[in-house]
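Just so it is clear, the values below take in all heavy atoms, side chains as well, and ignore hydrogens, waters and symmetry mates. This is a predicted model, so every value here is computed, not measured. Naming: A, B, ... by sequence-line order, numbering from 1 per chain.
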Amino acid sequence: MVDHPPATLATPQPATSPGATVTLATWNVNSIRARLDSVVRWLQSNPVDLLCLQETKVTDEQFPLEPWENLGYQIYCYGQKSYNGVALVSRSPLTDVSYGFGGVLDPAIVGDLDQQKRLITAQLQGIRVVNVYVPNGSSPDSEKYTYKMSWLATLKTYLETLQQRGEEIHICGDFNVALDDRDIYNPQGKQNHIMATPEERQALQEVLALGLADAFRKFTPDGGHFSWWDYRAGSFARNRGWRIDHHYLSQGLYDRALACKIDAEPRSWPQPSDHTPVVLTLGC
DNA sequence: ATGGCACATCGAATGTGA
């Protein structure tokens, strides 16, 4: 990961919009239909500009639309039956929306990686927002793990292509990788555990080597902060979690980051997702 | 070390997740 140094001088605010911010959140909801009431409730008290959803588990035709219109949001979705699926929930119209790797990359490079709907991107206020649901990988000796590694390698090529257009990049989502040991409640002996192998971490680091840095770590260097807790064994009550949902920023956006916070509250609600939202605030 | 819980597809039991 590129470790963008903190700006040593305060960045002047544009005279036209003093103090203005843009807020972007990521949340793996583990089925948008099962979580609809919770997401609406959260948006009512957290009216972010853009909410990036993962694991919507629904086709675009069956994606529930009515609640968002009432809230003043619009939906851009890219889903499939039963598994995977991503969506952008936005207060303002998005531009240059594109679906899957194939929206940017040559089909020969994409291969079969778009059969699972895991990536959607758009422009918001000059920011290239990329919303991803990285494959879980199951276990290091499985075919799904090989798929995960291919997916991450292709993600690097994808972001490189966007960078060559001169775009400032914000990529967020469920990465299914704990970047270092601070991101796991008990990291010892996890080198063969999915989401924590050196190979997975290296693959993500190679993506970040394009010039992306972890927005959360700009503000919070210590461990013990998690975005996912297993449903089983009372993991949330015991705070036995992992930080696998991330916001990564190119240099120009990293300098503008004002806050990046995990909101653990929805994890305590009835019938929760096993993930909770992570909210990024950028100065304008 | 293992299992544990939740969701979708279905109309029971299984695949998947992390």
Assign Asp245(A) to base, sugar-phosphate, or nothing according to its heavy-atom contacts below 4.0 angstrom with the strands shown.
-> nothing

Examine distances only and state if a side-chain atom of Ser235(A) and a backbone atom of Tyr231(A) form a donor-acceptor pair shorter than 3.5 Å.
-> no

Whole angstrom value for the distance that separates P of dG17(B) from CD of Glu143(A) = 13 Å

Between dC10(B) (C1') and Tyr83(A) (OH): distance, integer Å = 12 Å

For atom C1', what is the distance between dT14(B) and dA1(B), given to the nearest Å?
-> 25 Å

Separation between the C1' atoms of dA18(B) and dG4(B), rounded to whole Å | 13 Å

Under 3.5 Å, side chain of Glu200(A) to main-chain N/O of Pro198(A), donor-acceptor pair present?
-> no

Any side-chain heavy-atom pair from Leu51(A) and Val39(A) closer than 4.5 angstrom?
-> yes

What is the distance, rounded to the nearest whole Å, between atom CZ of Arg33(A) and atom P of dA8(B)?
-> 6 Å

Which part of the nucleic acid, if any, lies within reach of Tyr133(A) when heavy atoms closer than 4.0 Å are counted: base, sugar-phosphate only, or nothing?
-> sugar-phosphate

Starting from the 5' end of DNA chain B, give me the residue, Thr56(A) or Trp228(A), whose nearest nucleotide shows up first.
-> Thr56(A)

Could you give the NZ-to-C1' distance, from Lys148(A) to dA18(B), as a whole number of Å?
-> 9 Å

Is any side-chain N or O of His275(A) closer than 4.0 Å to OP1 or OP2 of dA18(B)?
-> yes

In whole angstrom, give the distance that lies between atom CG of Leu204(A) and atom P of dA18(B).
-> 15 Å

Given dT16(B), is OP1 or OP2 found less than 4.0 Å from the side-chain N or O atoms of Lys144(A)?
-> yes

Below 3.5 Å is the cut-off: list the nitrogen or oxygen pairs between protein and nucleotides 2-6 of chain B, distance only.
{"from": "dG4(B)", "atom 1": "N7", "to": "Arg232(A)", "atom 2": "NH1", "distance (Å)": "2.8"}
{"from": "dG4(B)", "atom 1": "O6", "to": "Arg232(A)", "atom 2": "NH1", "distance (Å)": "3.2"}

On a whole-Å scale, what distance lies between the P atoms belonging to dG15(B) and dC10(B)?
-> 14 Å

Whole-Å gap separating P (dA18(B)) and CZ (Phe236(A)) = 18 Å

With Ser142(A) via side-chain contact (heavy atoms from CB on, under 4.5 Å) - residues at least two apart = Ser138(A), Ser139(A), Lys144(A), Tyr145(A)

On a whole-Å scale, what distance lies between the C1' atoms belonging to dA12(B) and dC7(B)?
-> 16 Å

Could you tell me whether the side chain of Val48(A) reaches within less than 4.5 Å of the side chain of Leu24(A), counting heavy atoms only?
-> no

In whole angstrom, what separates Lys190(A)'s NZ from dA18(B)'s P?
-> 17 Å

So do Arg267(A) and Asp263(A) actually touch side chain to side chain, heavy atoms under 4.5 Å?
-> no

Summary of ring-ring contact (aromatic ring centres under 6.0 Å, His included) pairs that have at least one residue in residues 100-133 of chain A, sequence neighbours excluded = Phe101(A)-Trp151(A), Phe101(A)-Tyr158(A)

Met195(A) atom CE is separated from dA18(B) atom P, nearest whole Å, by 8 Å

Would you mind classifying the nucleic acid contact of Asn84(A) as base, sugar-phosphate or nothing, using non-hydrogen atoms under 4.0 angstrom?
-> nothing

For the side chain of Ala34(A), counting heavy atoms from C-beta on, which of dC7(B), dC10(B), dA18(B) is nearest?
-> dC7(B)

Tell me yes or no: between the side chains of Glu168(A) and Ser250(A), is some donor less than 3.5 Å from an acceptor?
-> yes

Does the side chain of Tyr147(A) get closer than 4.0 angstrom to OP1 or OP2 of dT16(B) through an N or O atom?
-> no

